[in-house]
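Take a look at the structure below.
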Amino acid sequence: MADKKIRVRFAPSPTGGLHLGGVRTALFNYLFAKKHGGTFVLRIEDTDQGRYVKGAEEYILNCLAWCGISPDEGPHNQGEFGPYRQSERKARYLSYAKKLVQLGYAYYAFDTTEELDLMREKFKSSTNPSPQYNALTRAEMKNSLTLSEDEVTKNIESGIPYVIRIKIPSAENIVLNDMIRGEVIFNSDEVDDKVLLKADGMPTYHLAVVVDDYEMQISHAFRGEEWLPSAPVHILLWEYLGWKNQMPQWAHFPLILKPDGKGKLSKRDGDRLGFPVYAMDWTDPKSGEITKGFKEMGFLPQAFINLLALLGWNDGTSQEIFELTELAEKFSIDRIHKGGAKFDFEKAKWFNGEWIKKSSANDLLPLVKKILETNNIYSSEEKIVALIPLVKDRCQLLNDFYTQLAYFFQDPQEIDLSAIKAKWDESKSIFLKGWIEELKSTSEWTSIKLEDSFKQAIASTQLKPGELQLPLRIMLVGGKFGPPVFEIASLIGKDSTIRRIEHSLTLLN
RNA sequence: GGCCCGUUGGUCAAUCGGUUAAGACGCCUCCCUUUCACGGAGGAAUGAGGGGUUCGACUCCCCUACGGGCUACCA
């Protein structure tokens, strides 16, 4: 076992957008694989044809690629353990389910939905509001344990729908050894006879996960904490199928929680509180509704995985900024927390700001260019790349580059005159008009020269430089932000500078 | 209701029996800056409660409280 090759998997269901928690699960799997020179497998768990959403698989791949954590093996890069979509593995599950029946560890059940509801109604009490299909109730149901062999065969042959359920033993302790939580003990009496094979012939998660983890030789099975209660079913299955000594090591990750209230983070929380929950934009193929993703919100993939990695894990030092390769070196399962972490969008933005500061102008160029272009600003790469260092410290999200850069390319659409008006008087207008005249004849248009000229001109008046520098900024950029004013003036050029000042002057009259 | 998991500032968190209980985000003050940021210096703010064990508990054990997950022919 110790020399077993490290193989881990990320096994999402293609049912919609890829949740932040899902990306973190994928990331932790990836990091573990990289750290130990193992293989990171992608398996598509598409056994629920009712919830299957077209395009979701492709989308998941794209999200992983954007994050830089593409799988080593999966439906799009087949290894020797394919197929990697559960829907394409259907026949295998059936044969294992039948084997379990033969062995007496599972049984056929013919109960209809109505009959199940009836049973639950019948056994419902104040002390037991949700009765289970288990040792107590299965004796009263229609299954191969209560029916004669003939009846069972007849039922199956005549096409009556059936499921196969696991027969949970009574009064047994089932022990899970979790890499994060240690020993967790379940009493089998609390576990119900879970459906293994559905009436449509598809396996449920419970059967599929153990069959596939076995066949794909998964060495470590990591998943979210929401799976902890069903772990005993899986452990039993490993045992009943005779694979107990090949069972992977388990670890259940803590959940990512809502920032405010309680409960795990959902897409709705993002909509409600104004931040993304999905990795990338997700368009629902039925409704056409678009749900915002981190990518489109202006996150750098490096920042996104960095923030995710630090949600429930840290390396024990106070370091917070890590790149992927460094994470892969330092990652370890035993430094993962047990408790869930509330998601804090403010901190997420801080991570992104740090990564923007860390990135070079050249790295940022294509992204910034694209943002400008979606806002109808087209410019040369030379110009953009020169401008980026001036403003990148002021940007937390990539989209901030638009506001920070737009006035270099076009006159501000809105000018915050209210900030000027309060202390405005005629003497200031007169000064600026005079200064503009001076500028018109200036041949050397540099920020140093402009600043000199401005200060000299103002020295001959009663005004102080500070009284006019802010108004000048607002006239040029539209608001109180951006790099030093004279630098801006030098970059936008003489015509624009003069035009913008004149325009504001007329507005002030 | 039952079962399981969890609980250090508002949030992310270090500590693995002995510390003035780190650090970060956010917030506040100041410096730098005649803008906004960045940067720098400070500040407020934490061991859920109660019992044990121990010379000594945030750290180990028990109880309580609180929070979460699960309780589908969904994953």
Side-chain angles (χ1 to χ4, degrees), chain A residues 11-15 45-48 50-51 109 111-113 116 120 124-133 161-165 176 178 180-181 184-187 189-192 194-206 208-209 223-232 252 254-255 257-264 307 310-321 337-351 353-354 357 391-396 400 404 419 464-474 477 479-485 488:
Chain A
S13 294
T15 54
E45 309 222 327
D46 55 350
T47 56
D48 186 351
R51 293 207 307 154
D111 315 281
T112 62
T113 317
L116 288 170
R120 291 188 182 110
K124 198 167 165 178
S125 68
S126 57
T127 53
N128 183 12
S130 45
Q132 300 187 311
Y133 204 117
Y162 67 87
V163 300
I164 291 178
R165 308 187 88 112
L176 163 73
D178 189 281
I180 296 171
R181 285 150 218 285
V184 183
I185 301 170
F186 302 86
N187 187 312
D189 291 334
E190 315 289 352
V191 184
D192 64 338
K194 284 267 182 292
V195 170
L196 263 22
L197 199 82
K198 301 186 264 189
D200 64 2
M202 281 289 197
T204 59
Y205 172 83
H206 307 295
V209 73
R223 55 192 355 179
E225 191 186 347
E226 70 268 29
W227 290 108
L228 207 43
S230 54
H252 291 84
L255 266 14
L257 276 11
K258 300 176 197 289
D260 57 352
K262 340 280 193 184
K264 58 176 172 176
L307 95 244
L310 273 278
L311 225 42
W313 175 87
N314 69 80
D315 77 338
T317 73
S318 57
Q319 182 178 348
E320 292 193 280
I321 303 299
H337 284 203
K338 294 185 172 83
K342 286 188 185 135
F343 180 69
D344 180 5
F345 190 53
E346 291 305 316
K347 183 94 187 217
K349 283 192 290 190
W350 173 81
F351 272 108
E354 290 301 303
K357 272 185 267 171
V391 300
K392 68 173 187 163
D393 283 358
R394 291 161 234 263
C395 297
Q396 270 199 321
D400 294 339
Q404 289 292 341
K464 292 195 182 79
E467 288 181 273
L468 237 21
Q469 204 156 312
L470 180 64
L472 182 56
R473 160 181 300 282
I474 291 169
V477 321
K480 293 192 234 180
F481 58 91
V485 226
I488 294 170

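These numbers come from a predicted model, not from an experiment.
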Discussion item. By nearest atom, which of the nucleotides B/G10, B/G1, B/A75 is closest to the A/Thr127 side chain?
Written reply: B/G1
Practice prompt. Report the nucleotide, chosen from B/U35, B/C70, B/G26, that has the shortest atom-to-atom distance to any side-chain atom of A/Glu346.
Written response: B/G26
Fill in: A/Lys357, nearest nucleotide to its side chain (from B/C12, B/C70, B/C38)
B/C38
Worksheet item: Does the side chain of A/Thr47 come within less than 4.5 Å of A/Lys198's, by heavy atoms?
Response: yes
Worksheet item: Which residue, A/Lys194 or A/Lys198, contacts RNA chain B at a nucleotide closer to its 5' end, judged by nearest heavy atom?
Response: A/Lys194
Item to complete: Could you give the distance separating B/U64 and B/C27 at their P atoms, to the nearest angstrom?
Response: 41 Å
Worksheet item: A/Arg223 and A/His252: side-chain donor and acceptor closer than 3.5 Å?
Response: yes
Worksheet, complete the sentence: Answer for the Watson-Crick or wobble partner of B/U59, both distances under 3.5 Å, is none
Worksheet item: According to the Watson-Crick and G-U wobble definitions, with both distances under 3.5 Å, which nucleotide is paired to B/C3?
Response: B/G69
Discussion item. Looking at B/C27, which nucleotide sits across from it as a Watson-Crick or G-U wobble partner, both distances under 3.5 angstrom, or is there none?
Written reply: B/G43
Worksheet item: Using a cut-off of 4.0 Å on non-hydrogen atoms, how would the nucleic acid contact of A/Pro12 be classed: base, sugar-phosphate, or nothing?
Response: nothing
Worksheet item: Checking all strands, does A/Gln404 fall into the base, sugar-phosphate, or nothing category for heavy-atom contacts under 4.0 angstrom?
Response: nothing
Discussion item. Can you tell whether the side chains of A/Lys349 and A/Glu346 come within less than 4.0 Å, N to carboxylate O?
Written reply: yes
Worksheet item: What nucleotide among B/A75, B/C73, B/C70 has an atom nearest to a side-chain atom of A/Asp48?
Response: B/A75
Item to complete: Among the candidates B/C36, B/G6, B/A75, find the nucleotide nearest to the side-chain atoms of A/Arg181.
Response: B/G6
Fill in: Listed nucleotide nearest any side-chain atom of A/Asn314, set B/C73, B/U35, B/A13
B/A13
Worksheet item: Under a 3.5 Å cut-off for both distances, is B/A48 Watson-Crick or wobble paired, and to whom?
Response: B/U64
Worksheet item: Between B/C73 and A/Arg165, is there an OP1 or OP2 to side-chain N/O distance shorter than 4.0 Å?
Response: yes
Practice prompt. Figure out the CD/C1' separation between A/Gln319 and B/A13, and round it to whole Å.
Written response: 15 Å
Worksheet item: Between B/A24, B/C25, B/A75, which one does the side chain of A/Thr204 approach most closely?
Response: B/A75
Worksheet item: Think A/His337 has a side-chain N or O under 4.0 angstrom from the OP1 or OP2 of B/A13?
Response: yes
Discussion item. Is A/Thr47 close enough to B/A75 that one of its side-chain N or O atoms is under 4.0 Å from OP1 or OP2 there?
Written reply: yes
Fill in: Nearest listed nucleotide, side chain of A/Trp350, among B/C36, B/C12, B/A24
B/A24
Worksheet item: Starting at the 5' end of RNA chain B and moving along, which residue's nearest nucleotide shows up first, A/Pro203 or A/Lys338?
Response: A/Lys338
Fill in: Residue A/Lys347, side-chain atoms from C-beta onward, closest of B/U34, B/C25, B/U71
B/C25
Worksheet item: Which of parallel (below 30°), tilted (30 to 60°) and perpendicular (above 60°) describes A/Tyr205 and A/Trp227?
Response: parallel
Worksheet, complete the sentence: Out of B/C38, B/A22, B/A24, minimum distance to the side chain of A/Asp393 belongs to B/C38
Discussion item. For A/Glu225 and A/Lys264: C-alpha separation, side-chain torsions, deciding distance, then whether salt bridge (charged side-chain N to carboxylate O under 4.0 Å, His left out) applies.
Written reply: CA-CA 11 Å; A/Glu225 191 186 347; A/Lys264 58 176 172 176; over 6 Å; no
Worksheet item: When you measure from the centre of the six-membered ring of A/Tyr133, is the NZ or CZ of A/Arg165 under 6.0 Å away and within 45° of the axis?
Response: yes
